[in-house]
Asks: 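There's a structure below that I have some questions on.
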Amino acid sequence: VQLLASGGGLVQAGGSMRLSCTISGRTFGIMGWFRQAPGKEREFVAAVGWSGMSKYYADSVKGRFTISRDNAKSTVNLQMNSLKPEDTAVYYCAADPRLVLTMRAEQYADWGQGTQVTVSS
């Protein structure tokens, strides 16, 4: 099982960035994104169910971030708009074969390596 995240980098505040995560090795029911800023705990960002219809978002990103998935390509994407300096963090994709959507990190079995997102002011 491998989750490979890509798309991070440096962007100015107010800009946009798209993260992608390609998953290989198994079929996943739920997929999500988490992030961890320096000195802070890992926090939930967004999650999407198998069909792509059910989605959860952290309050801090609602209206700015959009999660989507393409089951044919085994990918999950995170479109981030109106980025703020406080969005700066290492972003991790996560997946689990179960179908119950959750915001709890401990309920995701598999994780990607993380990709750095830096938003300058």
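All heavy atoms count here, side chains included; hydrogens, waters and symmetry mates do not.
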Asks: Quick one: are D110 and F28 in side-chain contact, heavy atoms under 4.5 Å?
Replies: yes
Asks: Can V90 be reached from M80 by stepping across I, L, V, M, F, W or Y side chains whose heavy atoms are under 4.5 Å apart?
Replies: no
Asks: Of all heavy-atom pairs between A89 and A37, which one has the smallest distance, and what is that distance?
Replies: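 Shortest heavy-atom separation between A89 and A37 comes out as CB-N, 3.8 Å.
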Asks: For the atom pair OG (S60) and CD (E43), what is the distance rounded to the nearest 0.5 Å?
Replies: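 Taking OG in S60 and CD in E43, the distance rounds to 5.5 Å.
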Asks: Where do V48 and K55 come nearest, in terms of heavy atoms and distance?
Replies: CG2-CG, 4.0 Å
Asks: Output yes when a side-chain donor or acceptor of N71 lies under 3.5 Å from a complementary backbone atom of W50, and no otherwise.
Replies: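 Judged by distance alone, yes, a pair lies under 3.5 Å.
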Asks: S120 vs Q12, test: side-chain hydrogen bond (donor to acceptor under 3.5 Å, both in side chains). Steps then yes/no.
Replies: CA-CA 5 Å; S120 63; Q12 289 189 332; 5.0 Å; no
Asks: So which heavy atom on T115 is nearest to which on A5, and how close?
Replies: CG2-CB, 4.3 Å
Asks: Can you tell me how far the CG atom of D70 sits from the OG1 atom of T75, to the nearest 0.5 Å?
Replies: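 Going from CG on D70 over to OG1 on T75, the span is 4.5 Å.
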Asks: Could you give the distance from CG (N77) to OG (S20), rounded to the nearest 0.5 Å?
Replies: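 OG of S20 is found 4.0 Å from CG of N77.
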Asks: Please, which pairs that meet side chain to side chain donor-acceptor pair (under 3.5 Å) have at least one residue in residues 81-100, sequence neighbours excluded?
Replies: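 Counting only pairs at least two positions apart or across chains, the side chain to side chain donor-acceptor pair (under 3.5 Å) contacts touching residues 81-100 are S16-N81, R35-D87, R35-Y91, R64-D87, Q79-N81, D96-R98.
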Asks: Between atom CZ of F65 and atom CE of M17, what is the distance when rounded to the nearest 0.5 Å?
Replies: 10.0 Å
Asks: On a heavy-atom basis, which atom in I23 and which in A95 lie closest, and how many Å separate them?
Replies: CD1-CB, 4.1 Å
Asks: Could you give the distance from CG (L10) to CD (Q116), rounded to the nearest 0.5 Å?
Replies: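 Nearest 0.5 Å value for the CG-CD distance: 9.5 Å.
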Asks: Given the rule in the side-chain contact (heavy atoms from CB on, under 4.5 Å) test, do Q113 and L4 qualify, once you have shown the distances and angles that lead to the verdict?
Replies: CA-CA 7 Å; Q113 83 286 6; L4 185 61; 3.9 Å; yes
Asks: For residues M103 and W33: do they belong to one hydrophobic cluster (side chain heavy atoms under 4.5 Å, members Ile, Leu, Val, Met, Phe, Trp, Tyr)?
Replies: no
Asks: Is there a path from Y108 to Y56 through hydrophobic residues (I, L, V, M, F, W, Y) whose side chains come within less than 4.5 Å of each other?
Replies: yes
Asks: What residues, two or more places apart in sequence or in another chain, satisfy ring pair (Phe, Tyr, Trp, His ring centres under 6.0 Å) together with W111?
Replies: F34
Asks: Once you round to the nearest 0.5 Å, how far does CG of L3 lie from SG of C93?
Replies: 4.5 Å
Asks: Any link between V45 and V117 through a network of hydrophobic side chains (Ile, Leu, Val, Met, Phe, Trp, Tyr) touching at under 4.5 Å?
Replies: yes
Asks: Please answer: with hydrophobic residues joined when any side-chain heavy atoms are less than 4.5 Å apart, are F44 and L19 in the same cluster?
Replies: no
